[in-house]
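Heads up: the structure comes next, in structure tokens.
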Amino acid sequence: MIEVTLPDGAVRSYEAGITGMDIAADISKSLAKAALAIYINGQLSDLSLPINDNAEISLVTRKDDEALELIRHDCAHVMAEAVQTLFPGTQVTIGPNIENGFFYDFARNEPFSTEDLEAIEKEMRRIVERGAEFKREVWDRDEAIAYFTNKGEMYKAELIRDLPETEEIKIYRQGDWLDLCRGPHMPTVKQVGTGFKLLKVAGAYWRGNSDNAMLTRIYGTAWRDDKELKAYLTQLEEAEKRDHRKLGQEMDLYHFQKEAQGSVFWHPKGFVIYNQLEGYIRRRLKDHGYQEIKTPQLIDNKLWEASGHWGKYRENMFVVPDEIPSGEEGQPVVSEKAFEKLMALKPMNCPAHVQVFNQGIKSYKDLPIRLAEFGCCHRNEAHGALHGLMRVRQMTQDDAHIFCTEEQITSESVAFCALVRQVYDDLGFEDVRVVLALRPENKAGSDETWDKAEEGLREALRASGLEFEEEEGEGAFYGPKVEFHIRDAIGRSWQCGTLQLDFVLPERLGASYIGADGDRHRPVMLHRAVLGTLERFIGIMIESYAGKLPLWLAPVQCVVAPITSDFDDYAQEVLEKLKAAGIRAEIDTRNEKINYKVREHSVAKVPALFVVGAREAENKTVAIRRLGSKNQNVDPLDEAIKALAQEAKAPY
RNA sequence: GCUGCUGUAGCUCAGUGGUAGAGCGCACCCUUGGUAAGGGUGAGGUCGAGAGUUCAAUUCUCUUCAGCAGCACCA
């Protein structure tokens, strides 16, 4: 006999070998029906798994959070069966859960297209309806490899071959179909239910490596029921409305065109946001002891070779021949020789900042030196990587490099983390993920140097009290980095702020200072950006605020709308006063009804609307309607303007 | 860069092997209306680009460019 402890502390005795399903049935008939899986000593398992020793258990039903994980994973299996039924010869590879859903990667000579999804989904519903039981089996390793190899499932065979020797080879059957799987699964396929939908197909490299074959990935989402599914799909649609590319066009902020792929054409309204944000961060930096500089855009390769960019980063750079182009029609623009002496558009500011540091002799008393630049950088990004403002080829970072001693690393890093917090707080971002990215394969500098750098950042993060995760292989080639990630409307995570510790570049570019001992020493370099790039950060802000930017950033802060043309003069007077108070205001004297004007400016996301008619003109007041509110307040003009001007102040 | 999808008016989108339509926007006219679309008239398109098939291509085929989703890469 064994003793089984339930979540409420109750202990029940059973024969060894009892299963979760038996226990559920013993507790109540309805529980047996509702149970999907079981926690055995904290381990989520199949209900069919025999329990042989005393254990703490807890049954999982559809109401629990885990249910979604189970439904999604089972759904992936159902999809794989459907695909292999409809498209014989397709190999299955891996099919994990992801946030809100699942995917499965298939290998097939002809990739799937979106048109196939409907048929696959239909077949899936048939499979679910049929409701086969999931049966768990443990196979002999070699037999499993032989089985899958024999079946032509080369990817599965490879997966098994790569599993650790200690790992059981588990197979789950659902009717005639089976798959290698870690499990657990629900009792039957039926329990997947109907709340699923296939969403998209995409290519994905086998094992995430672009040297490998490209597989077809099918994404799906699955929920407890149709209602939850529908809610999710609606939420997706809502999120898409906040897409900064869509809003940018609707609000006339910026555009892109193919002649300057990946670079932004900022329109007057968009550039207001840009300038406001830049002004804000500039004030913050200045008061945090940074000095602003400006360095060249186009720099000779010699410097990029010396810095290591030419060796490690070249494929991301734009190169320019340093030769006067031929003016002759029909002649080559530049000679063959031109390619022997190239220049490059800077992809980063750091080497140039070292040049500024290197002018003259620096004393340890000068350190730390914090050089900031709103440097315009160009990166030759892969075409498929470009994404609105989030991923561009020409970008401006709120960049700075701190030159300091090793002893100053921690205090400088802590100060930077505090700055990031302050700024993100000002701008309304609380949900920020912090990552410590460790040495990549393609790196400059010795392992000892990297040990020191990684530990330096780790220590600084701990001192700042920030929670962070570590990611292997994600660092920059010259040093490890702290990344501050923020999510966009769709839930994609983007790196914004960054702090990178660099012992390599000062060495390569010969930076030094005179220490208290009178000898030359290498400064340490901290590369850091708070917003990251202005482009990306503005994109994130637009999505985060759904275009309804805080007053200080709104391109047009106030529109004055007279009710009829009789009050145009008074409206003009209001406009002048608003402008005099520093408010970005416009007037709408078009021959339209007030309803129409209200609608139009609301849709345009203008934060404040001053409506003026007979009563207002008479009393020198304005009827204020704020964005998002249906109410109006009538206030004396001067008071209204004073209040608005006060509210429109930048956070710093 | 790789895989799939898309490309028609300023915007959102219909549509067809016989050179095109709607709504919104825009211009003009009527309307002067108190808080989310008043009415009328009109202008506006090499149907992304190039080649091929065809008597005829915006429509079919190929190539190419760009956009979108994902992968890889990354701020």
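Because the structure is a prediction, the values reported are computed rather than measured.
Ranking B:C74, B:A36, B:C2 by closeness to the A:Y205 side chain, first place goes to B:C2. Counting only heavy atoms from C-beta on, A:M395 has its side chain closest to B:A75 among B:G34, B:G33, B:A75. Nearest to the side chain of A:R536, among B:G38, B:C74, B:U35, sits B:C74. Checking B:C5, B:A36, B:U35 against the side-chain heavy atoms of A:T114 singles out B:C5 as nearest.
In this entry B:G34 has no Watson-Crick or G-U wobble partner, no candidate having both defining distances under 3.5 Å. The base-pairing partner of B:C24, taking Watson-Crick or G-U wobble contacts with both distances under 3.5 Å, is B:G10. Base pairing of B:C68: its partner is B:G4, meeting the Watson-Crick or G-U wobble criterion (both donor-acceptor distances under 3.5 Å). The partner of B:U19, taking Watson-Crick or G-U wobble pairs whose two distances both stay under 3.5 Å, does not exist in any strand shown. When both pairing distances are held under 3.5 Å, B:U63 makes a Watson-Crick or G-U pair with B:A49. As the counterpart of B:A43, no nucleotide is assigned, since no Watson-Crick or G-U wobble pattern has both distances under 3.5 Å. Across all strands shown, B:C73 forms no Watson-Crick or G-U wobble pair with both distances under 3.5 Å.
The cationic atom of A:K200 (NZ for Lys, CZ for Arg) lies less than 6.0 Å from the six-membered ring centre of A:Y219 and within 45° of the ring axis. Geometrically, A:R217 engages A:F103 in a cation-pi contact defined by less than 6.0 Å to the ring centre and at most 45° from the axis. Note that A:R72 lies in the cation-pi zone of A:W223, set by a 6.0 Å cut-off to the ring centre and a 45° limit from the axis. Remark: A:R282 fails to qualify as a cation-pi partner of A:Y280 under the 6.0 Å distance and 45° angle criteria applied to the six-membered ring.
If you take CG of A:D588 and P of B:G33, they are 17 Å apart, rounded to a whole angstrom. When rounded to the nearest whole Å, the span between CH2 of A:W494 and P of B:C73 equals 14 Å. Between the CG atom of A:N595 and the P atom of B:A37 there is a distance of 6 Å, rounded to whole Å. Atom-to-atom, CG of A:L215 to P of B:G4 comes out at 13 Å; the value is rounded to the nearest Å. Atom CG in A:N316 sits roughly 16 Å away from atom P in B:A72 (whole-Å rounding). In this structure, CZ of A:F103 is placed 14 Å from C1' of B:A72, rounded to the nearest angstrom. Straight-line distance from the CD atom of A:E471 to the C1' atom of B:C74: 13 Å, rounded to whole Å. Protein atom CZ of A:F112 is 17 Å distant from nucleotide atom C1' of B:C71, rounded to whole Å.
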Derivation of the ring pair (Phe, Tyr, Trp, His ring centres under 6.0 Å) call for A:F112 and A:F87: CA-CA 10 Å; A:F112 294 104; A:F87 306 93; 4.9 Å; yes

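A donor-acceptor contact under 3.5 Å links the side chain of A:R625 to the base of B:A36. The base of B:G25 does not come close enough to the side chain of A:E600 for any donor and acceptor atom to sit less than 3.5 Å apart. Contact annotation: side chain of A:Q500 to base of B:A75, donor-acceptor pair absent below 3.5 Å. Scanning atom types as modelled, no donor and acceptor separated by under 3.5 angstrom connect the side chain of A:R393 and the base of B:C74.
Both A:T216 and A:L389 sit near RNA chain B, but only A:T216 has its closest nucleotide nearer the 5' end. If you find the closest nucleotide of RNA chain B to A:H485 and to A:G208, the one lying nearer the 5' end belongs to A:G208.
For the P atoms, the distance linking B:G18 with B:C60 amounts to 12 Å, nearest Å. Nucleotides B:G39 and B:C24 are separated by 9 Å at their P atoms, to the nearest Å. Atom C1' of B:C73 sits at a distance of 38 Å from the matching atom of B:U46, rounded to the whole Å. Rounded to whole Å, the P atom of B:G48 lies 15 Å from the corresponding atom of B:C13. Rounded to a whole angstrom, the distance from the P atom of B:U58 to that of B:U3 is 29 Å. B:G17 and B:A75: their C1' atoms are spaced 50 Å apart (whole Å). Here, B:A9 and B:C2 have their P atoms 28 Å apart, quoted to the whole Å. As rounded to the nearest Å, B:C30 and B:G45 have P atoms that lie 28 Å from one another.
Residue A:S210 is classed as a sugar-phosphate contact, given heavy-atom separations below 4.0 Å to backbone atoms only. Within the nucleic acid shown, A:Q495 comes within 4.0 Å of sugar-phosphate atoms alone, with no base atom in reach, counting heavy atoms only. Note on A:A529: nothing from the nucleic acid sits closer than 4.0 angstrom, heavy atoms only. At a threshold of 4.0 angstrom between heavy atoms, the contacts of A:E616 include nucleobase atoms, whether or not backbone atoms are also involved. Residue contacts for A:C496: at a heavy-atom cut-off of 4.0 Å it reaches the sugar-phosphate backbone alone, with no base atom in range. Within the nucleic acid shown, A:I563 comes within 4.0 Å of at least one base atom, counting heavy atoms only. A:K481 comes within 4.0 angstrom of the backbone, heavy atoms only, and of no base. Across all strands, A:A561 comes closer than 4.0 Å to no nucleic acid atom at all (heavy-atom distances). Residue-level contact check: A:S113 touches the backbone only, with heavy atoms under 4.0 Å from sugar-phosphate atoms and none from bases.
Proximity of a side-chain donor or acceptor of A:T498 to a complementary backbone N or O of A:V482 within less than 3.5 Å is detected.
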Got a list of side-chain donor-acceptor pairs under 3.5 Å for residues 553-566 of chain A, not counting sequence neighbours?
from   : atom 1 : to     : atom 2 : distance (Å)
A:Q557 : OE1    : A:R584 : N      : 2.8
A:Q557 : NE2    : A:L551 : O      : 2.9
A:T564 : OG1    : A:D566 : N      : 3.3

Protein proximity profile, nucleotides 62-70 of chain B - base contact B, sugar-phosphate-only contact S, no contact -, cut-off 4.0 Å on heavy atoms: ---SSSSSB

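A salt bridge links A:D488 with A:R492; the closest basic N to acidic carboxylate O contact falls under 4.0 Å.
Note: A:Y313 and A:F477 have tilted aromatic rings, judged against thresholds of 30 and 60 degrees for the angle between ring planes.
Considering only side-chain N and O atoms, A:Y596 lies nowhere under 4.0 angstrom from the phosphate OP1 or OP2 of B:G39.
Annotation for A:Q257: atom CD counts as buried by contact number, over 12 foreign heavy atoms lying within 6.0 Å. More than 12 heavy-atom neighbours from other residues, nucleotides or ligands sit within 6.0 angstrom of NZ on A:K312.
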